[in-house]
J.: 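My questions all concern the structure below.
In what follows, residues are counted from 1 in the order of the sequence shown. Atoms within a ligand are numbered from 1 in the order they appear, just like the ligands themselves. Both backbone and side-chain heavy atoms feed into the values below; hydrogens, waters and symmetry mates do not.
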Amino acid sequence: MTHIFDVAVIGAGTAGLAALREARRHTHDVVIVNDGHYGTTCARVGCMPSKALIESANAFHRTAKLAELGIAGGERLRVDTSAVLARVRRLRDHFTKDIVAITTRLGDRSIQGRARFIAADTLDVDGRCIQARKIVIATGSRPSMPPQWRAFGNRILTSDTLFEQRSLPARMAVVGMGSIGAEISQALARLGVKVAAFGSRPFIAGLSDPAVNDALVTSLRGEMELHLGASARLETNDSGDIDVIAGTHRVSVDAVLAALGRRPNVDDLGLEHLGIALDEDGMPPFDRATRRIGDLPIYLAGDVANEFPVLHEAADDGYIAGINVTRAAPIRFERRAHLTIVFCDPNVAILGTPYAQLDHTNTAIGAVSFERQGRATLAADNRGTLRVYASRTDGRLLGAELCTPRGEHLAHLLALAISRSLTVQDLLRMPFYHPVFEEGLRTALRDLAKQLGTDRQSDLASCRPVGASALD
Ligand SMILES: Cc1cc2nc3c(=O)[nH]c(=O)nc-3n(C[C@H](O)[C@H](O)[C@H](O)COP(=O)(O)OP(=O)(O)OC[C@H]3O[C@@H](n4cnc5c(N)ncnc54)[C@H](O)[C@@H]3O)c2cc1C
């Protein structure tokens, strides 16, 4: 008789492993099926190797500022690209090792193979039949690539293949300027590759605030050729190189990084056997708060859901799915405030409600330029803009978009404030040390306070008066 597992998890990425961990708190009768490499997209080809590359690129880029800081000899430094890439892979191996061990320890409860539904409770895994009472789909996503680009062979790279390179070509195009394209194009340029980057929209790195986007575009244009607003196509030229053509621009390159977004891995999953209507992209309907697909005992977690393709959201999805597969009735979870960081320099962050989704009739916008910000000037890193959004009704912070030095830290501070429903005055009550980058945020908050009519002679007036000595 076939064994029926309590839970099957498809995909051993961040979401799948989080679901596995939660489900195993309640039952050990869990099986996980993974196709291809183990170690997760994040550690193997995503967050970690890309940030390792960026660290080397930024460290070298900083040497151009040494003379300004009074340090001579920086111009004699050079990049050893193959050493940079070797370090990226060394760190990747370090970070994937412990993750791979999680599934190895499961023994025959971990199955390598491609899972496909043949019924709502049955998977075919390369010819083997797996039945389970509840199933979590955590199959992630893969880089999008126009099929005709395959004709260019290994001269078309994606984030799946870039970190495997032993050296980098002299001239590269990066096509697609979302978060991955923005981060990697700048890193490649800083490592000495002549980069031409192309984005089909005027907005890049996921930004929607025009002022913040302009600041980032201006900054990146100082480091690379950047063409926005037209779709790019590829041709082979007479010398056998690749020409990238977008609008009136034509640029010859040795290789192209396709950073055209990612496709959820649902197309070969047999979802048509679930007996539920799929949308035009082949996606089933699901509840974001429970992760449940319709009223089936099947849950969706991580990038496969094509909602917020960032690691902490994938982990949260997996956690929710892993809890709900062990319960008779699923629990609804309130989700965290939205936070995306793009590790280009200046850092980009989008948090809470983005500019494009604001109710502009009831929103005040506080802004600060970092071009004259004190600490940024001392660090010779004075670029970028931050814009914070607050409700005109009660002064509550709604969201922010920013492109500033050390923006990753400002973003966390703002995310905390938004998560706690703090107002502009609540934040101005906080101590700001001097001289710090956070003083830039304070300038934007004071700008907001002025618009909301809550500005004071001193921020101390925002603090609660003690005893009877209240200010008039
Ligand atoms: C270049 C890059 C940089 C990034 N940088 C950041 C960052 O700085 N910060 C951040 O928060 N996020 C970042 N991300 C996003 C983050 O990596 C993802 O959100 C996260 O890894 C998604 O995890 P997941 O579990 O959904 O998918 P994955 O980790 O991709 O796991 C899915 C697994 O399912 C397997 N699978 C697929 N189909 C099947 C099948 N039919 N049967 C069995 N197994 C199957 C896959 O092979 C894979 O092992 C980055 C991503 C990329 C590509």
J.: Distance under 4.0 Å to a non-hydrogen atom of G113: what atoms of ligand 1 satisfy this?
T.: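 Matching atoms, with element in brackets: 42 (N), 43 (C).
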J.: Would you say the side-chain atoms of E408 pair up with the backbone N or O of N347, donor to acceptor, closer than 3.5 Å?
T.: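 The answer is no, because no donor-acceptor pair under 3.5 Å joins these two groups.
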J.: What protein heavy atom sits nearest atom 5 (N) of ligand 1, and how far off is it?
T.: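 Checked against all protein heavy atoms, atom 5 (N) of ligand 1 sits closest to K51 NZ, 3.2 Å.
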J.: If you take the nearest heavy atom of each of I10, L311, I184, I99, which one is closest to atom 10 (C) of ligand 1?
T.: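 The residue whose heavy atom sits nearest atom 10 (C) of ligand 1 is L311.
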J.: Which one holds for E313 and ligand 1: side chain close, backbone close, both close, or neither close, with close meaning a heavy atom under 4.0 Å?
T.: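 Contact part for E313 vs ligand 1: neither.
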J.: Give the atoms of ligand 1, by number and element, whose distance to some non-hydrogen atom of V45 is under 4.0 Å.
T.: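 It comes down to these atoms of ligand 1: 1 (C).
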J.: Report yes if D35 has an N/O atom closer than 3.5 Å to an N/O atom of ligand 1; otherwise report no.
T.: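 Yes: some nitrogen or oxygen of D35 is under 3.5 Å from one in ligand 1.
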J.: Considering only the protein, which heavy-atom contact is closest to atom 53 (C) of ligand 1, and what is its distance?
T.: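 For this ligand atom, the closest protein heavy atom is R262 NH1, 3.3 Å.
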J.: Can you see whether D80 engages S82 through a side-chain donor-acceptor pair at a distance of less than 3.5 angstrom?
T.: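 Side-chain D/A pair, D80 to S82: present.
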J.: Under 4.0 Å from any heavy atom of G140, which atoms of ligand 1 are there?
T.: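 Under 4.0 Å from G140, ligand 1 has these atoms: 26 (O), 27 (O), 30 (O), 32 (C).
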J.: Around atom NE2 of H312, are there more than 12 heavy atoms of other residues, nucleotides or ligands at under 6.0 Å?
T.: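 For H312, atom NE2 is crowded (more than 12 foreign heavy atoms under 6.0 Å).
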J.: Could you check which of V125, I180, T139, I111 puts a non-hydrogen atom nearest to atom 37 (C) of ligand 1?
T.: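 When every heavy atom of V125, I180, T139, I111 is considered, T139 comes closest to atom 37 (C) of ligand 1.
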J.: Flag the pair E22 and R327 as a salt bridge only when some basic side-chain nitrogen lies within less than 4.0 angstrom of an acidic carboxylate oxygen.
T.: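 Looking at R327 together with E22, the answer is no, because their closest N to O distance does not fall below 4.0 Å.
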J.: Checking contacts here: is it the side chain or the backbone of A138 that comes within 4.0 Å of ligand 1, counting heavy atoms only? Could be both or neither.
T.: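 Answer for A138: backbone.
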J.: Please state which protein non-hydrogen atom is closest to atom 48 (C) of ligand 1 and give its distance, to 0.1 Å?
T.: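 Answer, as residue, atom name and distance: N34 OD1, 3.6 Å.
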J.: Backbone or side chain, does any N or O of S141 fall under 3.5 Å from an N or O of ligand 1?
T.: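 Between S141 and ligand 1 (N or O atoms, distance only) the closest approach is not under 3.5 Å.
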J.: Does a side-chain N-to-carboxylate-O contact under 4.0 Å join E164 and R92?
T.: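 Result for this pair is yes, salt bridge flagged.
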J.: With a cutoff of 4.0 Å, is S50 in contact with ligand 1, counting heavy atoms of the residue only?
T.: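 Per 4.0 Å heavy-atom rule, S50 contacts ligand 1.
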J.: Can you tell whether the side chains of D287 and R332 come within less than 4.0 Å, N to carboxylate O?
T.: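 Answer for the salt bridge query: yes.
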J.: Is it the case that ligand 1 has an N or O less than 3.5 angstrom from some N or O of A115?
T.: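 Yes, A115 has an N/O under 3.5 Å of an N/O on ligand 1.
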J.: Indicate yes or no for a side-chain donor-acceptor contact from S208 to the backbone of A356 under 3.5 Å, with no hydrogens or angles considered.
T.: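 Indeed, once roles are kept as given, a pair shorter than 3.5 Å links the two residues.
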J.: Looking just at side-chain N and O atoms, do S141 and N265 make a donor-acceptor pair shorter than 3.5 Å?
T.: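 Judged by distance alone, the side chains do not pair up.
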J.: Look at atom NZ of K97 and say whether more than 12 heavy atoms of other residues, nucleotides or ligands are closer to it than 6.0 Å.
T.: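 Result for NZ/K97: open.
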J.: Using a 4.0 Å cutoff against the non-hydrogen atoms of L269, which atoms of ligand 1 qualify?
T.: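 Result: 41 (N).
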J.: Please check if the number of heavy atoms outside E55 that lie under 6.0 Å from its CD is greater than 12.
T.: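 Counting neighbours around CD of E55, 12 or fewer heavy atoms of other residues, nucleotides or ligands fall under 6.0 Å, so no.
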J.: What protein heavy atom is closest to atom 19 (O) of ligand 1, reported as residue, atom name and distance in Å?
T.: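 Protein heavy atom at minimum distance: D303 OD1, 2.8 Å.
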J.: Under 3.5 Å, side chain of R44 to main-chain N/O of F95, donor-acceptor pair present?
T.: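 No, the answer is negative, given that no donor and acceptor are paired below the 3.5 Å cut-off.
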J.: What protein heavy atom is closest to atom 4 (C) of ligand 1, reported as residue, atom name and distance in Å?
T.: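 So the nearest neighbour among protein heavy atoms is C47 N, 3.4 Å.
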J.: Which atoms of ligand 1 sit under 4.0 Å from any heavy atom of F343?
T.: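 Counting atoms of ligand 1 from 1, those under 4.0 Å from F343 are 8 (O).
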J.: Any idea which atoms of ligand 1 are less than 4.0 Å away from a heavy-atom of G302?
T.: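 Ligand 1 atoms under the 4.0 Å threshold to G302: 26 (O).
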J.: Give me the residue, atom name and distance of the protein heavy atom closest to atom 31 (O) of ligand 1.
T.: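 Going by distance alone, atom 31 (O) of ligand 1 is nearest to G13 CA, 3.2 Å.
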J.: State the atoms of ligand 1, each with its element, that fall below the 4.0 Å cut-off from a heavy-atom position in C42.
T.: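 Answer for ligand 1: 17 (O), 21 (O).
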J.: Could you tell me, atom by atom, which parts of ligand 1 come under 4.0 Å of a heavy atom of S159?
T.: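 Every atom of ligand 1 under 4.0 Å from some heavy atom of S159: 1 (C), 53 (C).
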J.: So which protein heavy atom does atom 29 (O) of ligand 1 come closest to, and at what separation?
T.: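 Looking at atom 29 (O) of ligand 1, the protein heavy atom closest to it is T41 N, 3.1 Å.
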J.: Is any side-chain N of the basic residue among R133 and D6 closer than 4.0 Å to the acidic one's carboxylate O?
T.: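 Between D6 and R133 there is a salt bridge, with a charged N closer than 4.0 Å to a carboxylate O.
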J.: For R190, is there an ion pair with E223 - N to carboxylate O distance below 4.0 angstrom?
T.: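 Yes, charged N to carboxylate O under 4.0 Å.
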J.: Tell me whether A15 has any N or O atom under 3.5 angstrom from an N or O of ligand 1.
T.: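 Yes, A15 has an N/O under 3.5 Å of an N/O on ligand 1.
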J.: Does D267, at its CG atom, have more than 12 non-hydrogen atoms belonging to other residues, nucleotides or ligands within less than 6.0 Å?
T.: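 Yes, CG of D267 has more than 12 neighbouring heavy atoms, counting only those of other groups under 6.0 Å.
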J.: Checking a contact table here: which protein heavy atom is nearest atom 51 (C) of ligand 1, and how many Å away?
T.: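 It is G46 CA, 4.0 Å.
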J.: For a side chain to side chain contact (heavy atoms under 4.5 Å, CB included) with M172, tell me which candidate from V244, V193, I184 qualifies.
T.: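 Of V244, V193, I184, side chain to side chain contact (heavy atoms under 4.5 Å, CB included) with M172 is met by V193 alone.
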